[in-house]
Amino acid sequence: RWNEAVATWERLMASSSQPTTVAEARGRIIGIYDRSSRLRTKVREFKAAFEADPPDVDAGYFLAEAYTKLGEPEKAERVYNTIVEADGEVTPEDVDALIALEKIYSKDGRNKDAIGVLSKLAELRPLRAKEYYHRIAELSLLAYEDDQAVRFAKLALDKNPDDANAHARLADVYAKMRRVDEAMKLGYNWKFGPFEMIDTIGAAQLREKLSESGLPVPEILEKVGEDTFYRVEDGKRQFFGLDGEYHDIERADGVLLLS
């Protein structure tokens, strides 16, 4: 019964050209080996085939999937990286391995590594570049790379300027950028966040003090000029974004603006 199930999924893999279908079939086969208590034995077989000369790349994918199933992501990561680096350059044949690596890195919180993989995927699959750019923007925010988040959100929008969803996601990036003040206030029980404190001091005065001390002046501090990071315009509180423009701060229902 187990062998028949494996054979069925293997036929599906052989007949499909869709990466998602192939990946699902591979995962199903590994699951069957696991349930039939044969996975450790198959790992040894896959490993031998993958380490042969020339290496069996398909066996490598099965090996990495098996390691993932066994809760050994570090070993799976090494196998996927070996597949990608096998021919000395990243090619379309490496897409499945790159997708798997991005999942591993994201799950592990290694956002910068995940961003690097997503950038390669955008080059290899230009028709899906918009999707990857959005994902890079999200991970960039988590990595506190706000400039990068804006850049990739704009690249995603450039792929389809009429896409309302892309516009909304760019706006969301700007909205999330103000999380620095909120996070610092919540985490340290501060009354004001760093950008709110800069507004109190004065951006121009802070720039002057930094310059006098021989310290670098952050780009956003140059951009804000004589203005403030927060302002109220037409009854709406706004914050100054990395693009040099002000953006409305959305407030939850029932929350009143008191300042």
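Residues: numbered from 1 along the sequence shown.
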Short side-chain to backbone donor-acceptor contact, Asp108 and Ile104, under 3.5 Å: no
Polar side-chain atom of Ser36 near backbone of Tyr33 as donor-acceptor pair, under 3.5 Å: yes
NZ/NE/NH1/NH2 to OD/OE distance under 4.0 Å, Glu77 and Arg110: yes
N-O pairing of Glu45 and Lys42 below 4.0 Å: yes
Non-hydrogen atoms of Gly60 and Phe50 that approach each other most closely: CA-CD1, 3.4 Å
Donor-acceptor pair between Ser140 and Arg151 side chains, under 3.5 angstrom: no
Ionic contact status for Glu131 with Arg128, cut-off 4.0 Å: yes
Aromatic plane relationship, His247 with Phe239 - under 30° parallel, 30 to 60° tilted, over 60° perpendicular: tilted
Any donor-acceptor N or O pair under 3.5 Å, side chains Arg125, Tyr132: yes
Within 45° cone and under 6.0 Å: Arg231 NZ/CZ vs Phe240 ring: no
Side-chain (Asp56) to main-chain (Asp58) donor-acceptor, under 3.5 angstrom: yes
Expected output: side-chain His134 to main-chain Ala129 donor-acceptor under 3.5 Å: no
Glu24 vs Thr20, side chain to side chain donor-acceptor pair (under 3.5 Å): CA-CA, chis, key distance, verdict: CA-CA 6 Å; Glu24 180 183 358; Thr20 52; over 6 Å; no
Sidechain-backbone polar pair: Ser15 side chain, Leu12 backbone, donor-acceptor under 3.5 Å: yes
Separation between CG of Leu118 and CZ of Phe152, rounded to the nearest 0.5 Å: 9.0 Å
Whether Ser211 side chain and Arg207 backbone form a donor-acceptor pair below 3.5 Å: yes
Distance-only donor-acceptor check, side chains Thr91 and Glu93, under 3.5 Å: yes
Same apolar cluster (I L V M F W Y, side chains within < 4.5 Å links), Leu215/Ile220: yes
Asp199 side chain vs Phe229 backbone, donor-acceptor pair below 3.5 Å: yes
